[in-house]
Student: 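Take this structure first; my questions come after.
Indexing begins at 1, ligand by ligand and atom by atom, following the structure's order. Since we're looking at a predicted model, the values are computed, not measured.
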Amino acid sequence: MIESHIQAILQHIGEDPEREGLVKTPARVAKALAEVTAGYRQDACEILRSAIFDASDSQGLVLVRDIPFYSLCEHHILPFFGQVHIAYLPGTHITGLSKLARAVEVFARRLQVQERLTRQIAEAVMEALDAQGVVVVVEAQHMCMQMRGVEKPGTVTTTVAALGCYEKDVQLRQEVLTLIRK
Ligand code: ZN
């Protein structure tokens, strides 16, 4: 299905889809595309809840920095990638640290815009863990900007989503952002 369309695209850009190096490309692109959009068929809240622990003896902030991610911008279907930092103040439960990274992957492996990716991660943590508050910071480089020369290579875009207690309390949010940027 996708294969025949990729073959047509190859033709449109002036390539010969029959030449040796490209014969298997449509099949490979279809497979790669299925992998990098696997997030549509996954549920982040389910993953976050799959390893849940009582938070009664750990009432402090949970901060996980530098979770790597790779996503595709929905405007150009070109990669944007970078790091996600997640901070949350637990309610009754905490999740396994590896589950946060997997939840990031669920939303990253879809066609995205960075702002929505950031918000969706925050909402999933908030909802799945019934947290008191969540701050998510995403730092990313966009290939659709850099490869086309719109932006200088290495330019990083930062987005922030703050929910719960961090949405209302500016000072509290600022404290967490300072910790994240350390
Ligand atoms: Zn783009």
Side-chain angles (χ1 to χ4, degrees), residues 1-17 19 21-48 63-88 98-128 134-163 166-167 173 176-177 180-181:
M1 187 63 192
I2 288 177
E3 279 98 319
S4 63
H5 295 287
I6 300 297
Q7 200 170 18
I9 288 169
L10 289 172
Q11 244 150 9
H12 279 296
I13 63 171
E15 266 292 357
D16 170 15
R19 74 177 171 85
L22 292 179
V23 172
K24 290 182 179 162
T25 294
R28 281 191 291 250
V29 172
K31 186 165 178 258
L33 205 53
E35 285 166 2
V36 297
T37 59
Y40 288 114
R41 298 171 290 282
Q42 294 167 340
D43 182 339
C45 286
E46 201 176 289
I47 288 167
L48 288 168
L63 169 61
V64 182
R65 286 170 40 116
D66 298 324
I67 301 168
F69 79 94
Y70 297 87
S71 191
L72 292 170
C73 92
E74 68 182 19
H75 302 132
H76 305 91
I77 317 190
L78 284 171
F80 71 99
F81 59 90
Q83 277 88 38
V84 179
H85 316 293
I86 302 173
Y88 71 98
S98 68
K99 303 301 174 192
L100 289 171
R102 283 197 53 209
V104 167
E105 211 171 72
V106 168
F107 296 116
R109 291 190 172 184
R110 299 176 186 189
L111 299 187
Q112 278 289 9
V113 294
Q114 187 177 330
E115 294 84 347
R116 189 175 62 227
L117 172 67
T118 311
R119 198 183 62 240
Q120 284 178 335
I121 295 166
E123 284 170 353
V125 172
M126 197 70 190
E127 190 192 320
V134 183
V135 177
V136 173
V137 176
V138 177
E139 296 171 314
Q141 297 190 48
H142 291 252
M143 290 302 101
C144 66
M145 306 287 268
Q146 299 188 8
M147 287 175 74
R148 298 185 307 139
V150 181
E151 259 177 9
K152 285 202 172 71
T155 303
V156 174
T157 304
T158 304
T159 46
V160 179
L163 298 176
Y166 300 113
E167 189 176 7
R173 176 164 75 233
V176 171
L177 287 173
I180 288 173
R181 280 168 185 150

Student: Could you report the tightest heavy-atom contact between T159 and Q114, atom names first, then the distance?
Tutor: OG1-NE2, 3.0 Å
Student: Assess H75: does it contribute an N, O or S atom lying under 2.8 Å from the Zn ion (ligand 1)?
Tutor: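 H75 does not place any N, O or S atom closer than 2.8 Å to the Zn ion (ligand 1).
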Student: Check step by step if side-chain contact (heavy atoms from CB on, under 4.5 Å) holds for L33 and I6.
Tutor: CA-CA 11 Å; L33 205 53; I6 300 297; 5.5 Å; no
Student: Please confirm if an N, O or S atom belonging to C144, backbone or side chain, lies less than 2.8 Å from the Zn ion (ligand 1).
Tutor: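 So C144 does bind the Zn ion (ligand 1) by this criterion.
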Student: How about V113 and H75: do any of their side-chain heavy atoms sit closer than 4.5 Å?
Tutor: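 The answer is yes; the side chains approach within 4.5 Å.
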Student: Per the side chain to side chain donor-acceptor pair (under 3.5 Å) rule, which among R110, Q112, E115 passes with Q120?
Tutor: Q112
Student: Relative to the Zn ion (ligand 1), which of the N, O or S atoms in H76 is the closest?
Tutor: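 Of all N, O or S atoms in H76, the Zn ion (ligand 1) lies closest to ND1.
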